[in-house]
*Asks:* 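Encoded as structure tokens, here's the structure I'll be asking about.
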Amino acid sequence: MTMRNIEVPDGNQFFRIKAEEENNHIWFHFRGRVFVINKKIVKKTSASEEKPEAIEQKSVLSPMPGQIVKVFITPGMKVKENQTLVVLSSMKMEYTIKSPVKAVVKLIKVKEGEQVTAHQELVLFD
Amino acid sequence: MKSSFNSTKSIKKLAIANRGEIAVRLISLCKEMGIKPVLLYSAADKNSLAYRLSPEKICIGPAEVKQSYLNISAVIEGALSTGADAIHPGYGFLSENTEIATACQEKGLIFIGPPVNCLELFGNKALARKQAMKCGLPVLPAYTGKNSNTDELLEEACKIGFPVMIKSTGGGGGRGLRVVSSEEEWPEALASARRETKSAFGSSEIFIEKYLPSARHVEVQVFADASGAVFHLFDRDCSIQRKHQKIIEEAPSCLSQAIKQEMTSAAIELLESVGYLQAGTVEFLYQEGKFYFMEVNPRIQVECPVTEMILGIDLIRAQILTAQGQSPFIQKSFTPRGHSIQCRIYAEDMKKQIPLFGKLGTCEFPQGVNRRFDMGYESQDEVPGFYDAMLGKLIVWEENRIRALTKMKQALEETIIFGLKTNINFLQDIISHEAFIKGEMDTNFVEKVFLPSWKEEELESVDPKIISHLRQFFSIRQSPSSEDLSENPFNPWQFFN
């Protein structure tokens with residue numbers, strides 16, 4: 001992980017870009033902004049970046065470590081897209097975790113008051 | 001009231017009960033002042049920048065704040081066992097905690113902050129409001145009674161008139177705050193404010209205050225020196241907020257001289273009335289020619305650098321000198337010069353609106369004239385997932401506001417943070433926003449005006465040939481035998497096949 005100064009030819013000139021690779025990503029700084037891309041071309045439909053959530057829509061993961069303060073759903077419940085599933089407290093701020101899809105709740109893997117780590121499975125869908 | 005203040009004691013060793021940029025700053029200041037710093041750190045901060053810089057350090061507990069940075073007995077024990085004679089709490093964590101200030105007193109340690117009675121008073125937002133009223137400061141309509149029944153509180157809210165804000169009595173740092181604009185929202189808003197308040201401050205006590213939808217947040221920096229003299233160090237505008245957390249701060253504010261004068265006199269009067277000592281901030285809301293008292297922060301604040309820049313002072317040095325009974329400043333009167341702006345830099349996914357943790361890649365914070373980076377991290381550092389994800393702050397000074405904005409824009413463009421996404425793009429776009437440039441902002445600017453039409457600059461704006469060049473550059477370096485090399489025009493091996 002060392003930062004590289006890379007010259008990208010542009011006609012008679014060069015764009016000078018600072019870049020660095022990290023696992024499967026390339027970070028680069030261009031025209032005063034930082035961008036990150038996948039090292040390999042990922043086939044995708046449009047503007048959005050890679051979607052880790054889209055691959056696994058059968059579950060909802062905790063975005064960060066914290067404590068579950070409220071569970072709004074029960075097994076078997078039908079949830080709409082963007083419906084609140086659980087409330088997570090992290091660094092003393094509450095974060096509402098909403099359903100990414102319309103689905104039926106199969107299993108709730110956490111209880112109110114429970115500590116969770118980042119990327120831990122919280123809810124499973126049918 | 002000033003009995004807690006020991007004017008004969010000089011500080012030889014200072015225990016730092018904080019982390020991140022404020023700990024880094026304190027370590028460096030201690031060294032500058034010939035004081036030995038001791039860093040009290042949690043297990044998650046082992047090997048942090050502050051850890052590496054501090055010649056002496058002691059682990060006070062595991063990562064969870066309750067067991068380390070908020071653990072009073074562990075902090076006191078850590079300070080005593082290393083032979084420190086004072087504790088600086090920084091901001092957040094225990095900085096406004098009455099118990100630790102009292103414990104320090106009992107153990108003969110200097111707590112660098114105001115006297116216990118001031119912490120007690122200003123730590124309770126409802127009591128602070130009463131004291132402000134007593135001193136004749138204008139306040140907003142509110143309900144601060146003992147009633148805790150949801151329906152009866154709703155009645156009180158209706159009397160005040162929506163929108164109202166539910167505030168935590170023991171609050172601070174934007175936690176436990178809920179704006180409620182109608183009766184229907186009341187039950188869930190109240191419940192959620194209470195939950196957040198309970199988990200943040202240990203008590204679910206709240207009060208209700210009229211909410212001003214287009215007010216500016218303007219605050220007055222006050223300082224009370226060891227002789228008991230209370231004076232102001234001018235004002236700051238901190239209207240650029242999101243989720244009630246300040247993001248961009250500046251000094252001075254753009255209010256008229258007449259209003260500023262009223263505000264600063266009011267702030268001084270309030271702090272004089274309680275026998276204040278040390279640095280403190282009196283926060284106000286300003287709307288349509290009127291200002292209203294909000295709260296007092298009896299501690300150093302994250303945004304103190306903008307005041308330091310326009311006055312050429314060091315507020316934390318002033319605190320330490322005051323704690324030793326010395327005069328805090330050399331200059332006898334203060335004249336603000338030019339304009340200063342601060343941007344808080346966070347590791348954050350702006351799209352998902354969540355803080356980010358993990359390992360940083362290479363970072364560059366290029367120095368420049370009147371440009372100051374107060375950072376808590378360096379390249380390759382780990383941002384632990386247990387705390388605030390603020391990486392640090394960028395502060396600039398110039399002769400006027402427009403120049404300061406231009407300087408900030410350039411400094412942000414040159415700042416590089418790899419490995420974790422940050423809010424830098426967001427900061428860049430706010431400071432380039434027409435309304436912000438004109439100085440037309442209120443506390444709702446970010447959420448109501450800026451964010452709805454904001455689109456983070458996407459990869460699509462970058463010439464595709466740059467992206468493919470970068471991919472090829474790194475794939476050659478990494479795996480000369482990889483399969484996509486055949487179609488790689490930069491492949492140095494292709495001529496040998």
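Quick caveat, the model's predicted, so the values are computed rather than measured.
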*Asks:* Name the region of A:Lys70, side chain, backbone, both or neither, that has any atom closer than 4.5 Å to a heavy atom of chain B.
*Replies:*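 Side chain of A:Lys70 only, per the 4.5 Å heavy-atom cut-off to chain B.
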*Asks:* Could you tell me whether the side chain of B:Glu196 and the main chain of B:Gly176 form a donor-acceptor pair under 3.5 Å?
*Replies:* yes
*Asks:* Quick one: is the NZ or CZ of B:Arg242 closer than 6.0 Å to the six-membered ring centre of B:Phe426, and within 45° of its axis?
*Replies:* yes
*Asks:* Strictly distance-based, threshold 3.5 Å: is any side-chain N or O of B:Ser432 a donor or acceptor partner for the main-chain N or O of B:Asp429?
*Replies:* no
*Asks:* Name the region of B:Gln410, side chain, backbone, both or neither, that has any atom closer than 4.5 Å to a heavy atom of chain A.
*Replies:*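 Contact with chain A is absent: no heavy atom of B:Gln410 under 4.5 Å.
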*Asks:* Against chain A, label B:Ser461 side chain, backbone, both or neither, depending on which of its atoms sit under 4.5 Å from a heavy atom there.
*Replies:*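 Both backbone and side chain.
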*Asks:* Can a side-chain donor-acceptor contact be found between B:Glu457 and B:Asn425 if the only test is distance below 3.5 angstrom?
*Replies:* no
*Asks:* Which atoms of B:Ile417 are under 4.5 Å from chain A, going by heavy atoms: the side chain, the backbone, both sets, or neither?
*Replies:* backbone
*Asks:* Go through the atoms of A:Phe28 and report whether side chain, backbone, both or neither lie under 4.5 Å from a heavy atom of chain B.
*Replies:*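 Contact with chain B: backbone and side chain both.
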*Asks:* Hydrogens and angles aside, do B:Arg178 and B:Ser192 bring a side-chain donor and acceptor to less than 3.5 Å of each other?
*Replies:* yes
*Asks:* Does any backbone or side-chain atom of B:Thr197 lie under 4.5 Å from a heavy atom of chain A? Answer side chain, backbone, both or neither.
*Replies:* neither
*Asks:* Select one option (side chain, backbone, both, neither) describing which atoms of B:Leu470 are under 4.5 Å from chain A's heavy atoms.
*Replies:*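 The answer is both parts of B:Leu470.
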*Asks:* Who among A:Gln67, A:Arg31, A:Arg33, A:Glu20 has the most heavy-atom pairs with chain B under 4.5 Å?
*Replies:*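 Option with the top pair count is A:Arg33.
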*Asks:* Given a strict heavy-atom distance threshold of 4.5 Å, which part of B:Glu64 is in contact with chain A: side chain, backbone, both, or neither?
*Replies:*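 Answer is neither: B:Glu64 stays 4.5 Å or more from chain A.
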*Asks:* Heavy-atom distance under 4.5 Å to chain A: side chain of B:Leu177, backbone, both or neither?
*Replies:* neither
*Asks:* Could you give the distance from CG (A:Leu85) to CD1 (A:Ile108), rounded to the nearest 0.5 Å?
*Replies:*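 The CG atom of A:Leu85 sits 9.0 Å away from the CD1 atom of A:Ile108.
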*Asks:* For A:Phe14, which residues count as a side-chain contact (heavy atoms from CB on, under 4.5 Å) partner, sequence neighbours excluded?
*Replies:* A:Glu7, A:Pro9
